[in-house]
Amino acid sequence: MWKHFGESIILTIIGLVIAYLWAEHMHPGSGLFSLFIVFVLSVLEISLSFDNAVVNAMKLEHMSDKWRHRFLTWGIAIAVFGMRFLFPVLIVSLFANVSMLNVAKMAVYNADKYAHYLHETHAPIVAFGGAFLMMLFLHYFFNEQKKIHWIKFIEEKLCHAGHIYGLETVITLISICLVQQHVAESHRLQVVLSGIGGVVLYLLIDGISKFLEAKEAERTAKLVNSCARTGGFVSFMYLELIDASFSLDGVLGAFALSKDIIIISIGLAIGAIFVRSLTILLVEEGTLKQFRYLEHGAHWAIGALACLMFVSTFHEVPEVITGLLGLVFIVCAFISSVLYNRKQNQ
């Protein structure tokens with residue numbers, strides 16, 4: 001356990017110390033309460049992102065040890081500073097027409113105003129994440145070559161639907177059109193553009209990945225070496241985008257617990273660090289091979305999260321529902337896998 005979670009535990013201790021000192025500096029006497037908020041936020045992040053760990057593990061199985069290590073080092077920096085602090089600042093800056101420097105200052109020194117701006121940009125943010133995750137969900141099940149099915153009476157039909165090229169894109173775009181009708185008129189264009197952006201980005205990343213896989217199949221040493229380097233980078237960016245989409249709901253929902261961006265960033269970062277360590281554990285222990293339906297459960301959880309993110313563009317969805325629904329799919333898939341293994345061993 002220390003092999004996989006040792007660094008996470010050390011970084012957690014450092015994060016807790018920084019959170020306590022920051023809270024005491026800003027509001028003397030609030031240090032212990034802020035530590036409690038950090039703990040709650042980290043647990044929230046882990047519960048929301050367990051399915052993310054399973055999906056990441058699927059991709060990491062095909063990556064080299066070097067890129068797995070970079071996923072834990074560079075990836076943590078992107079996840080902590082990029083998605084938990086810089087990305088919300090960038091979004092507020094774009095939609096509120098305020099410079100990023102001023103937004104960053106606002107986030108640290110005028111939390112209420114920053115939270116207000118972030119709330120105003122909630123709909124386009126989750127529309128982007130919902131579209132990206134919906135594409136990921138549909139692409140997994142609309143696969144005519146998929147042989148293993150968990151919920152057979154549904155997944156077999158979805159598998160056959162994969163013969164219709166581009167169907168996942170059509171369904172996602174239709175979903176965006178339906179969702180925008182329920183959004184406030186002032187935000188409709190932003191929601192549509194953000195949703196289309198999520199679709200385009202997924203298609204771009206998926207297209208590049210398939211192109212590199214085709215090149216690698218040519219078996220020449222030069223192309224293999226080139227594609228291994230580039231493919232590792234593309235897979236790394238793909239994982240970061242998945243992580244970003246999963247984290248959107250947590251970042252926005254965290255403001256219900258605290259308005260302090262530093263406390264929020266530390267809490268969510270601790271959760272993200274443990275999720276990444278869990279991902280590496282799943283890969284190195286071969287958990288996905290041992291439990292054949294886990295990735296199915298994770299993708300059903302992704303589909304549920306995508307739908308909830310679309311709904312949250314116009315109606316508030318409690319974080320507890322998002323977290324529990326994903327957990328239910330994972331647990332059910334795990335139990336089904338255990339029952340399957342027992343049946344095979346009899």
Side-chain angles (χ1 to χ4, degrees), residues 37 40-41 44-45 47-49 52 79 82-98 100 102-104 106-108 110-135 172 175-199 201-202 241-265 267-268 271-272 302 304-323 325-326:
I37 296 298
V40 173
L41 287 171
L44 175 67
E45 178 72 9
S47 64
L48 287 174
S49 300
N52 186 14
M83 274 311 302
R84 274 72 184 179
F85 182 82
L86 190 59
F87 180 74
V89 168
L90 174 62
I91 292 297
V92 171
S93 175
L94 289 174
F95 287 103
N97 197 25
V98 181
M100 288 188 63
N102 288 333
V103 174
M106 185 194 308
V108 175
N110 193 345
D112 289 332
K113 188 176 181 181
Y114 173 76
H116 169 74
Y117 276 121
L118 195 60
H119 177 75
E120 289 296 308
T121 60
H122 174 91
I125 291 175
V126 294
F128 173 86
F132 188 90
L133 292 179
M134 181 62 74
M135 289 291 293
T172 305
S175 300
I176 295 169
C177 291
L178 293 175
V179 165
Q180 64 86 26
Q181 296 180 14
H182 300 281
V183 178
E185 191 171 348
S186 59
H187 290 152
R188 285 181 182 176
L189 180 60
Q190 296 174 349
V191 166
V192 171
L193 293 177
S194 296
I196 293 175
V199 172
L201 190 59
Y202 179 86
L241 286 170
I242 293 177
D243 176 74
S245 299
F246 270 94
S247 68
L248 291 177
D249 241 13
V251 171
L252 296 170
F255 281 86
L257 296 174
S258 174
K259 296 294 188 293
D260 192 318
I261 187 64
I262 304 299
I263 297 300
I264 289 174
S265 297
L268 296 179
I302 287 173
L305 177 58
C307 292
L308 290 175
M309 291 180 83
F310 278 146
V311 171
S312 70
T313 59
F314 57 88
H315 188 275
E316 183 178 353
V317 179
E319 294 295 314
V320 64
I321 293 179
T322 305
L325 190 57

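- Heavy-atom minimum distance, Val183 versus Arg188: O-NE, 3.1 Å.
- Across every non-hydrogen atom of Leu41 and Leu268, the tightest pair is O-CD2, 4.0 Å.
- Side-chain atoms of Tyr114 and Val89, non-hydrogen and from C-beta on, do get closer than 4.5 Å to each other.
- Between Leu325 and Ala304, the shortest heavy-atom distance links the atoms CD2-CB, 3.5 Å.
- Note that NE2 of His122 is 7.0 Å distant from OG1 of Thr313, once rounded to the nearest 0.5 Å.
- What you find for Gly195 and Ala131 is that their closest heavy atoms are O-CB, 3.2 Å.
- With sequence neighbours excluded, no residue satisfies ring pair (Phe, Tyr, Trp, His ring centres under 6.0 Å) with His116.
- Contact detail for Leu133 and Ile302: the closest heavy-atom pair is O-CG2, 3.4 Å.
- With values rounded to the nearest 0.5 angstrom, Ser194 atom OG is found 9.0 Å from Leu189 atom CG.
- The side-chain hydrogen bond (donor to acceptor under 3.5 Å, both in side chains) search around Asn102 returns Ser99, not counting sequence neighbours.
- Proximity of Ile176 to Phe310: side-chain heavy atoms (C-beta onward) are separated by under 4.5 Å at one or more points.
- Taking CD of Gln180 as the reference point, atom NE2 of His187 lies at 13.5 Å (rounded to 0.5 Å).
- The shortest side-chain heavy-atom distance between Met100 and Leu86 falls under the 4.5 Å cut-off.
- Rounding to the nearest 0.5 angstrom, the gap separating the CE atom in Met134 from the CG atom in Leu305 is 9.5 Å.
- Rounded to the nearest 0.5 Å, atoms CZ (Phe128) and CD1 (Ile196) are 12.5 Å apart.
- Remark: Glu120 CD to Ser186 OG distance equals 7.5 Å, nearest 0.5 Å.
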